[in-house]
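For this chain, numbers begin at 1 and follow the sequence in order.
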Amino acid sequence: MELIIGFFAALSFLAVFGAFVWPRQKVVRAQKEERVIPEQLRLREAKGLGFLAPTVEGLADLLRGREGAEGINGRYLVLLRQADWYWGPGEAAPPNPDAPFWNPETMWAAKVFRGILFALGGLVLVGAALAALHGPLWMALVGLLGGLVGFFDPDQEAAQAAEKRRRQIVLEMGYKVPELRVYVRSGRTFVSALRYLTSRPGGPFVKELYRALQVYDITADLGRGLRGVMEHNRLCEPLVNLCADLLAVLAEGGELGPVLEAHTETAQHEQRRLLRQQGQDNTQAMGYVVSATTLIVIFLLVGGPALWTVVTGLAGF
């Protein structure tokens, strides 16, 4: 009888556990579809385990004598520039001083160093555990998995920094593009409006405009500065589209007001979309915490006694 009671108690715990953990069907909302460019898709893949694929494929091509390293380094260059970590000849603005690496070469050095460091640390920890437990020595090879974790850690770090800065630019554009439109509408020239906007405190978007102005001060070519901004932010579609439209208007001698008006609406729409997405992500993260806490309490109240009943019942046989 005790076994039957324990079985039904465990079954009840499993049902409660499934109610909190098992995936639910997502509700499809009638929202505007987000247009994704290939660079953004690669960035989203880089945020998860997908970043392993292009790196491993490139290394395999390199071992087979193909030009695999160029493809890997090109991808790293895009991430470093979007994260504002890149520094090299011809750069008008200095990078983030907290950047752990600043070009593909130093990134490869970080990958090798961390791979060796993590591998040695894993070997020491696993070796000490095996020595204490008198386990087989070949199990120490498991510590080498730490080397793979350390080797691919810079990829993940660069991808996360690039995505974080891209989101910051999109959020800031929702405030600064309308401000830039007001300055141009008030009668200022576009360069004068840029100077006034960049003279005030701002974030990464203002820094990118300052980059364009620095190139303009050196070359007297604003289009070259805007193209540099586009090159540094290939993963940020709203900023790339804004610079491309400004380039077209400056080349044809049209009015900047309508262009800034259109991009004001776009920037504010992207800002609202990103804030909604962040709210949903925060709600989901809070749901995980609440579910985990609830499951622990349920296990202590229901699962623990049920498990004890089953164990004592089996011990009676």
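- Separation of atoms CD (E163) and SG (C236) is listed at 9.5 Å; rounding is to 0.5 Å.
- Enclosure of atom CZ in R227 by more than 12 non-hydrogen atoms of other residues, nucleotides or ligands within 6.0 angstrom is indicated.
- Side chains of I169 and R165 form a contact here, defined as non-hydrogen atoms less than 4.5 Å apart.
- Taking the six-membered ring where tryptophan is involved, the planes of W108 and F151 are tilted, since the angle between them lies from 30° to 60°.
- Every residue two or more places apart in sequence or in another chain that forms a salt bridge (charged side-chain N to carboxylate O under 4.0 Å, His left out) with E91 is listed here: R211.
- For the atom pair SG (C243) and CD (E231), the distance works out to 12.0 Å, reported to the nearest 0.5 Å.
- Within the 4.5 Å cutoff, no side-chain heavy atoms of R81 are placed close to those of N233.
- The hydrophobic cluster containing V240 does not contain V78, counting ILVMFWY residues as joined when their side-chain heavy atoms lie under 4.5 angstrom apart, directly or transitively.
- In this structure E105 satisfies the salt bridge (charged side-chain N to carboxylate O under 4.0 Å, His left out) test with no other residue, sequence neighbours excluded.
- Residues L256 and M230 are members of one and the same hydrophobic cluster, defined by side-chain heavy-atom contacts under 4.5 angstrom among Ile, Leu, Val, Met, Phe, Trp and Tyr.
- Smallest separation of non-hydrogen atoms from K176 and P201: NZ-O, 3.5 Å.
- Side-chain atoms of L226 and V215, non-hydrogen and from C-beta on, never get closer than 4.5 Å to each other.
- Put simply, L239 and L274 are part of two different groups of oily side chains (I, L, V, M, F, W, Y) that touch within less than 4.5 Å, one to the next.
- Nearest heavy atoms, G150 versus P154: O-CD, 3.3 Å.
- The shortest side-chain heavy-atom distance between E270 and E237 does not fall under the 4.5 Å cut-off.
- Side-chain contact between L246 and L260: present, with at least one pair of heavy atoms (C-beta onward) separated by less than 4.5 Å.
- The closest donor-acceptor contact from the side chain of H232 to the backbone of G228 lies under 3.5 Å.
- Other residues, nucleotides and ligands contribute more than 12 heavy atoms inside 6.0 Å of the OH atom of Y86.
- Checking side-chain atoms of N282 against main-chain N and O of Q278 turns up a donor-acceptor pair under 3.5 Å.
- Proximity of L180 to F205: side-chain heavy atoms (C-beta onward) are nowhere separated by under 4.5 Å.
- Under the rule for a salt bridge (charged side-chain N to carboxylate O under 4.0 Å, His left out), the partners of R185 that lie at least two apart in sequence or sit in another chain are E261.
- One finds the CZ atom of R181 at 13.0 Å from the NE2 atom of H263 (value rounded to the nearest 0.5 Å).
- Partners of Y175 under the side chain to side chain contact (heavy atoms under 4.5 Å, CB included) rule, at least two apart in sequence or in another chain, are Q271.
- The shortest side-chain heavy-atom distance between Q160 and Q156 falls under the 4.5 Å cut-off.
- With rounding to the nearest 0.5 Å, the separation of CG in L80 from CE in M107 is 6.0 Å.
- Under the 4.5 Å side-chain heavy-atom criterion for grouping Ile, Leu, Val, Met, Phe, Trp and Tyr, Y196 is connected to L242 within one hydrophobic cluster.
- Smallest separation of non-hydrogen atoms from N96 and K207: N-NZ, 4.4 Å.
- Side-chain contact annotation: D155 with Y76, donor-acceptor N/O pair under 3.5 Å present.
- Heavy atoms only, all atoms of each residue included: L222 and A212 are closest at CD1-O, 4.3 Å.
- Under the 4.5 Å side-chain contact rule for hydrophobic residues, V170 and V229 do not share a cluster.
- Contact annotation: the side chain of L213 never approaches that of L209 to less than 4.5 Å [non-hydrogen atoms, C-beta and beyond].
- Screening V184, V249, T264, L250 against V259 for a side chain to side chain contact (heavy atoms under 4.5 Å, CB included) leaves a single residue, V249.
- The side chain to side chain contact (heavy atoms under 4.5 Å, CB included) search around D217 returns R195, not counting sequence neighbours.
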Requested in this report: Please lay out, stage by stage, how Q277 and R167 fare under the test side-chain contact (heavy atoms from CB on, under 4.5 Å).
Outcome: CA-CA 11 Å; Q277 178 185 352; R167 295 170 68 91; 4.0 Å; yes
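- Nearest heavy-atom pair, A158 versus W85, reported as atom, atom and distance to 0.1 Å: CA-CZ3, 3.9 Å.
- A salt bridge links E157 with R114: the distance from a Lys NZ or Arg NE/NH1/NH2 to an Asp or Glu carboxylate oxygen falls below 4.0 Å.
- By the 6.0 Å contact criterion, OH on Y216 is open, its count of non-hydrogen atoms from other residues, nucleotides or ligands being 12 or less.
- Minimum interatomic distance between A162 and A83 (heavy atoms only, all atoms of both residues): N-CB, 3.7 Å.
- Around atom CH2 of W102, no more than 12 heavy atoms belonging to other residues, nucleotides or ligands sit under 6.0 Å away.
- Counting side-chain heavy-atom gaps under 4.5 Å among Ile, Leu, Val, Met, Phe, Trp and Tyr, the cluster of V112 also holds I116, L120.
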